[in-house]
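What follows is one structure encoded as structure tokens, with my remarks underneath.
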Amino acid sequence: MLKLNNVEVKYVGVILVLRGVSLEIRDGTIIALLGSNGAGKTTTLKAISGLLRTELGEVTAGTIEYDGSRIDNQNPEEVAKRGIIQVMEGRKVLGHLTAEENLVLGGYIVKKASLKKDLDMVYDYFPRLKNLRNATSGYLSGGEQQMLVMGRAMMAHPKIMLLDEPSLGLAPLLVDEIYEIVARFNAEEKTSVLIVEQNARAALSVSEYSYVMENGRVVLDGPSSKLADNEDIKEFYLGLSKLGEKKSFREVKHYKRRKRWL
Amino acid sequence: MEFFGKIVAAGLMNGAIYGLVAVGFVLIYKSSSVLNFSQGYMLLLGAYIFWSFRAALRLDLLLSLLLTLPTAFLMGIMIERLTLRPLIGQSLLSMISVTIFLSLVLEGVVSLFWGTYPLQQVTIFPKGSLKFGKTILTAESLFAFGLALVVMMALILFFRYTRLGLAMRGVAEGHQIVQSMGISVKRILTVCWGIAGVAATLGGILLGGTLGFQLGLSHIGLLAIPAAFIGGLESPEGAILGGLMIGLIESIVSGYLGKAAGVPATYIVLIVVMLFKPYGFFGLERIERV
């Protein structure tokens with residue numbers, strides 16, 4: 001179980017980005033983290049994975065506990081070795097390496113003996129990658145690259161996978177496909193997944209529990225099915241107004257309703 | 001024709017050494033984007049360390065090599081630890097400037113311990129030669145050439161087929177990405193600097209055997225820079241080929257046009273190559289998808 005307790009993050013010692021974030025990921029669950037741009041979602045992921053430290057950020061207060069021991073401000077490679085793997089936003093493939101080489105590196109921290117088996121597992125989740133194994137990954141399409149970086153994370157057999165905006169810039173059909181695979185991976189490998197998303201509909205449908213962040217704080221949390229019924233979530237994240245109707249732009253008011261969450 | 005054969009042989013030998021030194025240069029650039037201008041001075045220090053084992057302590061040739069190469073590996077690691085490790089996360093410019101000033105420090109260290117005069121000559125290679133028609137190949141040039149080829153093959157295989165080699169190529173793509181996969185960038189950089197130290201030292205020993213052990217050896221290290229650029233900054237095999245090319249050009253031009261023309265000619269070729277192949281012959285092109 002991963003537990004964030006009142007985590008505060010500062011960049012370069014002065015820029016306060018997270019102001020006390022608490023959340024919990026129980027083993028084997030899918031959790032969604034929603035929020036607008038700049039709310040602190042990605043920073044939360046980086047605080048967990050330790051990548052914050054590569055960007056002059058640090059956890060200045062609060063604790064991040066994983067299976068009973070603290071991992072805040074540990075090196076990213078140590079956190080990864082403990083089984084927490086972050087899939088960064090923006091399809092960060094190792095461009096000049098082939099797809100398969102990317103995957104092999106993803107499994108760098110697990111035993112070499114299982115390499116073949118692990119590759120087959122990833123190709124089973126993403127059959128399309130099998131045909132592209134020898135293609136230079138920098139030239140793959142956006143969807144293929146997203147599959148590749150997720151497959152690369154799977155190679156490490158993570159206990160917790162931190163997924164940062166897997167749907168970014170992908171066609172709706174592909175988004176559905178990728179979320180199906182996330183759900184399957186979670187069910188079969190018992191890996192917990194923490195998804196950061198702008199695409200609230202997709203994230204709410206696949207997750208068990210969700211948190212909504214605003215301005216560096218968690219402002220709302222609850223079981224995803226409940227949140228999907230929440231009036232504010234509907235209006236601000238799902239683009240619906242009044243029970244389930246599509247928003248009519250003809251009747252839209254000239255002032256914008258703003259929500260103060262706190 | 002006889003003359004031509006001779007200068008080609010000499011050029012290939014020197015070129016092989018430039019290539020070796022350039023490999024170290026490329027490894028460091030590849031893994032950390034730092035242009036290590038002190039490569040020539042690592043060569044100098046490495047060569048002098050070898051000289052101490054071989055000439056000052058009068059050890060066996062093989063034994064001195066066995067002692068020198070691990071020391072060179074350590075030298076590379078120490079340099080990285082002491083000068084560049086504290087700068088991780090700082091701008092590239094400051095890291096590159098450090099390598100420039102590091103050269104002065106290394107030169108100072110060498111002249112402090114060994115003095116500024118050329119050291120006593122040490123023979124490394126058996127004197128002997130092979131005749132192909134009218135061209136005479138000395139054992140020295142054959143050894144240097146063979147060694148460069150072996151190192152090149154070993155590195156190609158290393159990068160293609162081992163996990164560590166693959167990880168090094170991964171590190172070259174982006175530090176944060178490989179860190180997110182649990183690979184320690186620091187460890188990889190350490191190994192790269194170690195290998196660079198060994199490559200420079202090997203080149204230094206080969207050069208010292210022919211030119212004598214003297215402070216001027218470091219200038220040869222500078223020729224590794226155009227070699228690396230021509231071959232492509234990311235490619236060890238390109239570095240060796242670039243080295244051979246630079247060696248040939250230098251030797252042919254200085255053979256026919258006079259000694260002073262040799263080195264400038266290599267830089268002219270460098271500029272011409274850069275105009276038409278900005279990434280060098282084997283460099284990685286920037287991947288841009290539209």
Side-chain angles (χ1 to χ4, degrees), chain A residues 12 45-46 48-56 75-98 100-112 115 136-142 144-145 149 152-158 161-162 164, chain B residues 26-27 29-33 85-92 94 156-191 232-238 279-280 282-290:
Chain A
V12 230
L45 290 196
K46 286 182 175 161
I48 299 171
S49 69
L51 284 178
L52 206 56
R53 295 184 26 139
T54 62
E55 303 178 339
L56 299 179
N75 281 327
E77 52 267 25
E78 283 158 29
V79 177
K81 277 186 190 133
R82 292 200 54 183
I84 302 178
I85 302 283
Q86 178 173 2
V87 179
M88 282 190 289
E89 183 183 356
R91 310 165 201 141
K92 296 270 173 26
V93 294
L94 300 167
H96 289 106
L97 273 58
T98 66
E100 186 152 294
E101 285 171 336
N102 266 275
L103 295 177
V104 171
L105 268 191
Y108 191 79
I109 50 175
V110 293
K111 275 192 240 87
K112 203 180 171 181
L115 182 65
T136 304
S137 61
Y139 291 117
L140 298 180
S141 78
E144 289 155 359
Q145 288 185 339
V149 291
R152 195 171 66 191
M154 290 174 175
M155 290 292 292
H157 292 290
M161 192 154 138
L162 309 171
D164 201 347
Chain B
V26 162
L27 271 180
Y29 177 78
K30 206 171 152 64
S31 53
S32 58
S33 311
R85 180 69 59 87
L87 288 178
I88 284 182
Q90 302 296 318
S91 81
L92 217 49
S94 51
I156 292 175
L157 294 176
F158 173 71
F159 277 110
R160 199 150 296 166
Y161 296 109
T162 67
R163 275 152 84 90
L164 186 61
L166 188 58
M168 283 186 179
R169 282 162 61 205
V171 167
E173 302 280 323
H175 288 186
Q176 206 182 26
I177 310 175
V178 292
Q179 272 176 307
S180 77
M181 303 190 278
I183 298 171
S184 167
V185 172
K186 286 176 191 160
R187 187 171 307 162
I188 304 269
L189 287 186
T190 302
V191 177
L233 272 175
E234 289 94 351
S235 157
E237 52 268 46
Y279 302 105
F282 293 89
L284 294 173
E285 280 180 40
R286 276 240 309 279
I287 292 182
E288 279 177 68
R289 285 191 317 132
V290 204

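Residue-environment remark: CZ (B:Arg160) stays at or below the threshold of 12 foreign heavy atoms within 6.0 Å. When the shell of 6.0 Å around CZ of B:Arg85 is examined, it contains more than 12 heavy atoms from other residues, nucleotides or ligands.
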Next on the checklist: What verdict does the side chain to side chain contact (heavy atoms under 4.5 Å, CB included) test give for B:Met181 and A:Val149, after you've listed the backbone C-alpha separation in whole Å, the side-chain angles of each residue and the deciding distance to 0.1 Å?
Outcome noted: CA-CA 10 Å; B:Met181 303 190 278; A:Val149 291; over 6 Å; no
Next on the checklist: Using the rule given for side chain to side chain contact (heavy atoms under 4.5 Å, CB included), can you reason through B:Gln179 versus A:Leu51, listing the C-alpha separation, both sets of side-chain angles and the distance that settles it, and then say yes or no?
Outcome noted: CA-CA 8 Å; B:Gln179 272 176 307; A:Leu51 284 178; 4.2 Å; yes
Item to check | Residues A:Gln86, B:Gln176; criterion side chain to side chain contact (heavy atoms under 4.5 Å, CB included); working and verdict | outcome: CA-CA 11 Å; A:Gln86 178 173 2; B:Gln176 206 182 26; over 6 Å; no
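At a 4.5 Å heavy-atom cutoff, the contact between A:Glu55 and chain B is made by side-chain atoms alone. Neither the backbone nor the side chain of A:Arg82 comes within less than 4.5 Å of any heavy atom in chain B. For A:Thr54, the part lying near chain B is the side chain, with the backbone staying farther off; criterion is any non-hydrogen pair under 4.5 Å.
Side-chain N or O atoms of A:Glu77 include none that pairs as donor or acceptor with a backbone N or O of B:Ser180 at under 3.5 Å. Checking side-chain atoms of B:Glu173 against main-chain N and O of A:Gly95 turns up a donor-acceptor pair under 3.5 Å.
Remark: of the listed residues A:Asn102, A:Leu94, A:Val104, A:Val104 is the sole one forming a side-chain contact (heavy atoms from CB on, under 4.5 Å) with B:Leu166.
Ranked by non-hydrogen atom pairs under 4.5 Å with chain B, the options A:Met155, A:Met88, A:Lys81 are led by A:Met88.
Under 4.0 Å is where a charged nitrogen must lie from a carboxylate oxygen, and between A:Glu101 and B:Arg169 at least one such pair does.
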